[in-house]
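One structure is given here, and the rest of the page talks about it.
Protein chains get the first letters and strands the later ones, always in sequence-line order, with residue 1 at the start of each.
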2 protein chains.
Amino acid sequence: MIDSFTPKQVAVALQVSESSVKRWCDQGAIRTDRTLGGHRRIPLPFLMEFLEATNRRLVDPSAIGLDPTDLVFGHGSSMRQKQSLVTEEPAMLTQFEKALLAGDESTCRKIVSNWFAMHGGITSLADNLLSAAFKSIGDRWQCGTVEIYQERRGCEICCQLIHELRRLLPEPPGNAPLAMGGTASGDQYQLPNQLAEIVFRENGWRTISLGTNIPFASLLSAARKHMPKVFWLSVSHIENIEQFVVDYNHFAKNLPKGVMLVLGGQALNEQVRPSLSYSAHCDSMLQLANLARSARGSLQPKAGHI
Amino acid sequence: MIDSFTPKQVAVALQVSESSVKRWCDQGAIRTDRTLGGHRRIPLPFLMEFLEATNRRLVDPSAIGLDPTDLVFGHGSSMRQKQSLVTEEPAMLTQFEKALLAGDESTCRKIVSNWFAMHGGITSLADNLLSAAFKSIGDRWQCGTVEIYQERRGCEICCQLIHELRRLLPEPPGNAPLAMGGTASGDQYQLPNQLAEIVFRENGWRTISLGTNIPFASLLSAARKHMPKVFWLSVSHIENIEQFVVDYNHFAKNLPKGVMLVLGGQALNEQVRPSLSYSAHCDSMLQLANLARSARGSLQPKAGHI
DNA sequence: ATACAAATGAACGAATTGAACGTTTTGAGT
DNA sequence: ACTCAAAACGTTCAATTCGTTCATTTGTAT
């Protein structure tokens with residue numbers, strides 16, 4: 001996959017004029033590299049940064065090599081006809097779920113990068129594609145029409161893809177606010193935790209993901225050591241509710257002042273939540289993204305000077 | 001390791017045309033040596049000089065055998081400090097362990113890509129860097145000088161890096177032999193399983209990683225469905241030995257004929273192994289790589305026609 | 001509606017880039 | 001040492017991009 005693009009390519013992908021792209025580059029709205037001869041080159045991470053900052057979408061992802069073609073029919077023979085790209089969300093979701101269950105990594109990759117490009121961000125990807133797909137797969141599993149290994153293999157694929165996306169995001173600057181988080185003992189679900197991390201990253205935070213299945217004592221220790229501005233806790237599974245509530249509240253109470261505690265996850269239903277004390281709760285990655293944006297702004301009094 | 005490159009190699013690594021590289025050489029932008037016959041040779045130091053001067057990075061480091069250190073500078077971060085990386089193995093291991101414990105992802109990335117470049121493969125990386133580091137960290141954890149979250153955060157970082165490496169490997173052709181594997185119920189250790197997968201990939205296999213913590217029944221179901229040539233089982237932790245032995249042997253017995261069962265992992269000590277029936281056991285990724293090579297050759301009777 | 005400011009998109013000569021091509025050098029095998 | 005295919009040489013040339021200017025569209029306050 002190509003790593004950087006010319007203004008013209010970007011212009012086609014965004015469906016704006018080349019002049020505008022060049023101007024945006026020169027204004028600094030799009031960070032830009034230059035060739036030795038002075039030609040502009042726009043690396044993908046910078047483009048993503050711009051998309052996110054301006055809430056834009058790639059109208060034509062194929063212009064920059066994100067190829068949505070033949071998602072329907074796999075690596076076929078010499079198929080001439082480009083099957084009309086499936087770009088409606090429900091159809092993509094169905095295809096994605098199918099590819100996940102089949103273990104078809106490359107198709108999953110295409111759909112994910114396509115979705116990512118079209119919506120310009122990870123938040124929508126997480127809420128509307130990944131979560132939706134696994135929710136549906138989970139339902140099917142309970143019906144017995146899906147094997148455990150299929151669900152798990154799908155997680156593996158998503159884990160890989162998320163790590164690829166994460167690598168595409170620009171490195172956060174050293175003075176960015178710090179978010180830290182993970183899952184507690186007994187919770188092995190990686191995906192939601194990974195997603196939480198890159199949502200923060202996408203919104204300009206430095207992040208430390210502590211991983212899954214970590215005792216509250218060690219979570220606390222990490223928080224005290226690094227003093228993050230936000231601590232996220234992803235809760236997808238609770239083994240022993242009473243124990244969890246006790247341990248959690250002890251953790252929350254001993255968290256240093258100034259650390260904002262954010263909760264999220266399926267397992268936090270109406271029964272559990274009232275027993276917990278926290279700064280914020282998120283039902284979706286969209287909420288988390290909004291929180292990340294506002295917390296970043298409000299808690300950073302150091303107003304930039306340009 | 002080679003220390004100077006042709007314009008073509010550099011062109012691929014930078015993802016520009018060969019013409020441009022040649023022109024830059026002639027303009028003096030890249031200092032260049034010449035062979036007696038007049039061919040350009042670009043020593044690594046000169047290339048690095050150029051990258052520094054123009055704030056570039058290698059888009060495809062593998063084109064020049066993956067590259068050492070600070071070429072991997074993120075996008076535009078104006079970090080100038082060159083922290084000279086050591087190149088002797090023991091020192092690198094120490095640095096890596098330190099970086100892992102500190103949660104310093106970018107330093108870990110540098111060391112990993114450096115090691116990968118120097119040894120030209122994942123096998124040595126897995127056995128001599130990653131395994132060694134986590135073994136040492138494990139020891140320190142038992143001594144109480146390392147926190148759980150540090151170890152877990154290190155795993156997260158390695159997981160990310162392995163996925164990045166995996167993405168660098170070429171897609172296996174559709175007719176490549178298939179290897180499949182995972183870990184059984186109760187075993188949550190991802191790293192060894194991931195490493196097993198990319199060792200197969202590196203040696204030209206198609207792979208399906210089923211993930212961790214999967215019941216034997218589902219493993220069996222997956223094997224029957226896809227009929228891999230090799231099934232690997234990574235065993236880093238066993239909760240109940242007797243139960244494991246029973247379930248495992250039932251699994252091994254019912255595995256389709258022609259599927260080679262390969263075992264590996266810390267938890268398979270002298271006590272457990274005699275009770276298990278298997279095709280092969282590997283103490284290291286090197287052994288697994290050798291097995292992958294020989295099994296690939298022997299089981300593919302389709303002799304090339306050249 | 002009108003006027004004015006700001007942003008967008010088109011046009012143009014000058015400059016850069018990347019592909020093509022015939023010739024020469026390199027490196028591996030005999 | 002000799003042979004030969006693969007790769008690199010230097011050069012040319014079409015296509016693309018640069019920076020600039022100017023007409024047009026969009027947004028907003030009078």
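Summarising the geometry of A:L93 relative to A:A133, their closest heavy-atom pair is CD1-N, 3.9 Å, with the distance given to 0.1 Å.
A:S131 contributes a side-chain N or O that, together with a main-chain N or O of A:A126, makes up a donor-acceptor pair within less than 3.5 Å. Within the 3.5 Å criterion, the main-chain N or O of B:D33 finds no donor-acceptor partner in the side chain of B:R41. Counting only distance, with no hydrogens or angles, the side chain of B:D127 and the backbone of B:M285 share a donor-acceptor pair below 3.5 Å. Here the side chain of B:E18 pairs no donor or acceptor atom with the backbone of B:K8 at under 3.5 angstrom.
Rounded to a whole Å, the CZ atom of A:R41 is 8 Å from the P atom of C:dT17. Nucleotide C:dA15 holds its C1' atom 7 Å from the NE2 atom of A:H39, rounded to whole Å. Note: CD (A:Q9) to P (D:dT16) measures 11 Å, nearest angstrom. For the pair A:E18 CD and D:dT20 P, the computed distance is 15 Å after rounding to whole Å. With rounding to whole Å, A:L36 atom CG is found 17 Å from C:dA15 atom P. If you take CD1 of A:I42 and C1' of D:dT17, they are 12 Å apart, rounded to a whole angstrom.
Considering only side-chain N and O atoms, A:R34 lies nowhere under 4.0 angstrom from the phosphate OP1 or OP2 of D:dT17. In this structure, A:T35 reaches the C:dT17 phosphate: one of its side-chain N or O atoms is under 4.0 Å from OP1 or OP2. Contact annotation: B:S20 reaches the phosphate of C:dG18 (side-chain N/O to OP1 or OP2, under 4.0 Å).
With rounding to the nearest 0.5 angstrom, the CG atom of A:L51 is 8.0 Å from the CZ atom of A:F116.
Checking A:H281 against A:Q287 by side-chain atom types alone, no donor-acceptor pair falls below 3.5 Å. Judged by distance alone, the side chains of A:R40 and A:T32 never bring a donor and an acceptor atom under 3.5 Å apart.
Contact annotation for B:K22: base contact, defined as any heavy-atom pair under 4.0 Å involving a base atom. Nucleic acid contact class of A:S19 (heavy atoms, under 4.0 Å, all strands): base.
Near DNA chain C, meaning a heavy atom under 4.0 Å from it, residues 23-32 of chain B has B:R23 in order of number.
Distances were taken from every side-chain heavy atom of A:K8 (C-beta onward) to each of D:dT17, C:dT25, C:dG18; the shortest belongs to D:dT17.
Nearest-nucleotide positions on DNA chain D place B:G37 closer to the 5' end than the other of B:G37 and A:G38.
Contact check for B:V230 versus B:M260: side-chain heavy atoms found under the 4.5 Å cut-off.
Note that the two end axes of the helix from C:dA1-D:dT30 to C:dT30-D:dA1 enclose an angle of 40°, each drawn from 5 base pairs, rounded to 10 degrees.
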